[in-house]
Amino acid sequence: MQTISRYLETLRGTVDGDELHGIIARTLRRHSRNGPPGPDCLLDLYEQLDAYARDAVALPRMRIRARLLQQHITPYLTDLKRARLAEGRRHDATAAAPPAATQAAQAGTADAESEAARVLEGVVERPREQQAQAAAERAARYNELLRSEKDAWQAIYGTVKDYQRLKQAWMKSLDELAQQRDALEQKLRRTTEKLSRLEVEHERLRTALAQARTDAKRARPSALPRRDAFARQLQAEIRRTRRSGAPLALGLIRIEGLDGITERYGAEAADAALRCYAQEILSNFRAYDIVAHYDSDQFAVMFPDTAKEGARRALEKAYKRAAETHINHAGASIPLPPFVGALVTYSPGEDPAVLLKRAERALADARARGERGVIQS
């Protein structure tokens, strides 16, 4: 009972020993109702511990403890069996033949002893060979329980190691995400600052372009570059085009019907028509497009970094504006005369003079056919 009490104290201090502690404590209370616990309590406790040790659901280390407590109880049960057998032999040697009633009582006692012997079978003393076999079986079960507990601890240790590795990988991923977030924030800040600067520069250029267009509208035809200056600018632009490989388009336009205006309204009306073309019609191109007074009634327009389709749309817009414009002269509203335009594009390796000649021939061919508007060549 001292051994059992020590086991109870040990189990009370463990986290997983509640179930085994409850089994032992309930058995002791059940057999202490009519006095101190006796041999029957030990036998009952042995059977309860055996059932718990065979329960696969129970924790391995608690099952081992149940087996160890069984080992402590077994010698006491063996001594109890010896004492009962010796007492039975002495009683048989000294007792006389009992009467019928006594025989019936003895028969009941014998039946009770047989029942007790049957219950104690397997836990009392056996022959030495059986004891050795039982000890070997107990040792094998004990080793199996130890291996089960070892496997359980190894599984728990492996799970903890896997958890630690997963935790480290997760922390590393968080650090990488934080670094990427910081890098993106820096890029976003630099991009925002750059966009702000570009917006300021765009506003400045837009203001400058509007001012340039206003100045161009106020300019006189004589203020536009002449033919020679235009040829030099074309030569420089072709050199730049050869380096960059960008497209270049050239347009020549001739105002039609100026002779009729001169005959009907006078030379000043024809000059007013030319000024209107220079100040209002041809001044709406881009700021880097170059417009020149190429001849008395002809203008040249150079479109850097522009393909033929883009230059054609720009000249068609100018043609449409001219068709919708009137000039006021001497109290009369005179429709602005239309123009015919020839559009050519620069071919790699072509000389500037050859390009101008090609544009002049295209313009002459269009006039000979009596065409109006923009003619591509």
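- Interatomic distance, Leu177 CG to Leu184 CG, rounded to the nearest 0.5 Å: 10.5 Å.
- Here the closest non-hydrogen pair linking Leu250 and Ala359 is CD2-CB, 4.2 Å.
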### Task
Apply side chain to side chain donor-acceptor pair (under 3.5 Å) to the pair Gln70 and Arg67, showing each step before the final yes or no.
CA-CA 5 Å; Gln70 278 185 290; Arg67 290 297 188 191; 2.9 Å; yes

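- Residues Leu11 and Ile24 are in side-chain contact: their nearest non-hydrogen atoms beyond the backbone lie under 4.5 Å apart.
- Atom-to-atom distance recorded for Thr306:OG1 and Asp289:CG is 6.0 Å, nearest 0.5 angstrom.
- Transitive grouping of hydrophobic side chains (ILVMFWY, heavy atoms separated by less than 4.5 Å) brings Val301 and Leu336 into a common cluster.
- The nearest pair of heavy atoms linking Tyr319 to Arg372 is OH-CB, 3.5 Å.
- When side chains are defined from C-beta on, Pro337 counts as touching Leu258, because their heavy atoms get closer than 4.5 Å.
- You'll find the side chain of Ile255 stays beyond 4.5 Å of the side chain of Gln298, heavy atoms only.
- For Glu309, the side chain to side chain contact (heavy atoms under 4.5 Å, CB included) test picks out Arg312, Arg313, Gln376, with sequence neighbours left out.
- Salt bridge status for Glu256 with Arg367: present, with a side-chain N to carboxylate O gap under 4.0 Å.
- The OG1 atom of Thr27 sits 4.5 Å away from atom CD of Gln48, with the distance rounded to the nearest 0.5 Å.
- Ion pairing between a basic and an acidic side chain is recognised when a charged N comes within 4.0 Å of a carboxylate O; Asp305 and Arg240 show such pairing.
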### Task
Dump the intermediate steps for side chain to side chain donor-acceptor pair (under 3.5 Å) on Arg321 and Tyr277, then the final yes or no.
CA-CA 10 Å; Arg321 284 194 299 271; Tyr277 264 97; over 6 Å; no

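- Follow the hydrophobic side-chain contacts under 4.5 Å out from Ile253 and you reach Val374 in the same cluster.
- Considering only heavy atoms from C-beta on, His72 stays 4.5 Å or farther from Ile4 through its side chain.
- Residues Leu363 and Leu355 share a hydrophobic cluster, clusters being chains of Ile/Leu/Val/Met/Phe/Trp/Tyr side chains in contact below 4.5 Å.
- Applying the salt bridge (Lys or Arg N to Asp or Glu O under 4.0 Å) test to every pair with at least one member in residues 326-352, sequence neighbours left out, gives these pairs: Glu350-Arg358.
- In this structure, Glu268 places its CD atom where only 12 or fewer heavy-atom neighbours from other residues, nucleotides or ligands lie under 6.0 Å away.
- Salt-bridge check for Asp175 with Lys172: failed, with every basic side-chain N at 4.0 Å or more from each acidic carboxylate O.
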### Task
Please report the C-alpha distance between Glu237 and Arg239 in whole Å, then the side-chain angles of each, then the deciding distance to 0.1 Å, and finally whether the salt bridge (Lys or Arg N to Asp or Glu O under 4.0 Å) criterion is met.
CA-CA 5 Å; Glu237 187 62 31; Arg239 285 198 299 267; over 6 Å; no

#### Entry: Derivation and outcome, salt bridge (Lys or Arg N to Asp or Glu O under 4.0 Å), residues Arg54 and Asp50
CA-CA 6 Å; Arg54 295 175 183 277; Asp50 186 67; 2.9 Å; yes

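- Under 4.0 Å is where a charged nitrogen must lie from a carboxylate oxygen, and between Arg30 and Asp44 at least one such pair does.
- Atom CD1 of residue Ile327 and atom OG of residue Ser333 lie 8.5 Å apart, to the nearest 0.5 angstrom.
- When hydrophobic clusters are built by joining Ile, Leu, Val, Met, Phe, Trp and Tyr residues whose side-chain heavy atoms come closer than 4.5 Å, directly or via intermediates, Leu68 is grouped together with Leu20.
- The nearest pair of heavy atoms linking Ile281 to Ala318 is CG2-O, 3.5 Å.
- Here the closest heavy-atom approach between residue Gly341 and residue Phe339 is recorded as N-CD1, 3.9 Å.
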### Task
Apply side chain to side chain donor-acceptor pair (under 3.5 Å) to the pair Asp40 and His31, showing each step before the final yes or no.
CA-CA 8 Å; Asp40 294 336; His31 290 275; 6.0 Å; no

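- Classification of the His293-Phe299 ring pair by plane angle, with boundaries at 30° and 60°, yields parallel.
- For the pair Leu234 and Ile290, the minimum side-chain heavy-atom distance is 4.5 Å or more.
- Remark: Arg138 CZ to Asn143 CG distance equals 13.0 Å, nearest 0.5 Å.
- Here the closest non-hydrogen pair linking Arg33 and Arg29 is CG-O, 3.4 Å.
- For the residue pair Leu274 and Asp297, the shortest heavy atom distance occurs at CD2-CA, 4.4 Å.
- Of the options Leu282, Thr325, Asp271, Ile334, a side-chain contact (heavy atoms from CB on, under 4.5 Å) to Cys276 is made by Thr325 and by none of the others.
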### Task
Take Thr10 and Arg65 through the test side chain to side chain donor-acceptor pair (under 3.5 Å) and record every step on the way to the result.
CA-CA 11 Å; Thr10 303; Arg65 290 196 177 193; 5.7 Å; no

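- Contact check on Arg206 versus Glu203 returns a salt bridge, with a Lys/Arg side-chain nitrogen under 4.0 Å from an Asp/Glu carboxylate oxygen.
- Interatomic distance, CE of Met62 versus CG of Asp18, reported as 9.5 Å (0.5 Å rounding).
- Phe285 and Val344 are assigned to two separate hydrophobic clusters, defined by single-linkage of ILVMFWY side chains at heavy-atom distances under 4.5 Å.
- Salt-bridge annotation for Arg232 and Asp228: absent, with no side-chain N of the basic residue lying under 4.0 Å from a carboxylate O of the acidic one.
- A 4.5 Å side-chain heavy-atom check between Tyr346 and Pro247 finds every atom pair outside the cut-off.
- For the pair Phe303/Leu248, no side-chain contact is recorded, criterion being any heavy-atom separation below 4.5 Å from C-beta on.
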### Message
Working note: Met302 + Phe230, criterion side-chain contact (heavy atoms from CB on, under 4.5 Å); need CA distance, chi angles, decisive distance, verdict.
### Response
CA-CA 9 Å; Met302 182 168 49; Phe230 182 79; 3.8 Å; yes

### Query
Taking it one step at a time, do Leu252 and Tyr294 satisfy side-chain contact (heavy atoms from CB on, under 4.5 Å)?
CA-CA 8 Å; Leu252 283 182; Tyr294 195 73; 4.0 Å; yes

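- Of the possible donor and acceptor atoms, none in the side chain of Asp55 sits under 3.5 Å from a partner among the backbone N and O of Ala51.
- Inter-residue side-chain proximity for Leu8 and His21 is flagged as met; some heavy-atom pair is nearer than 4.5 Å.
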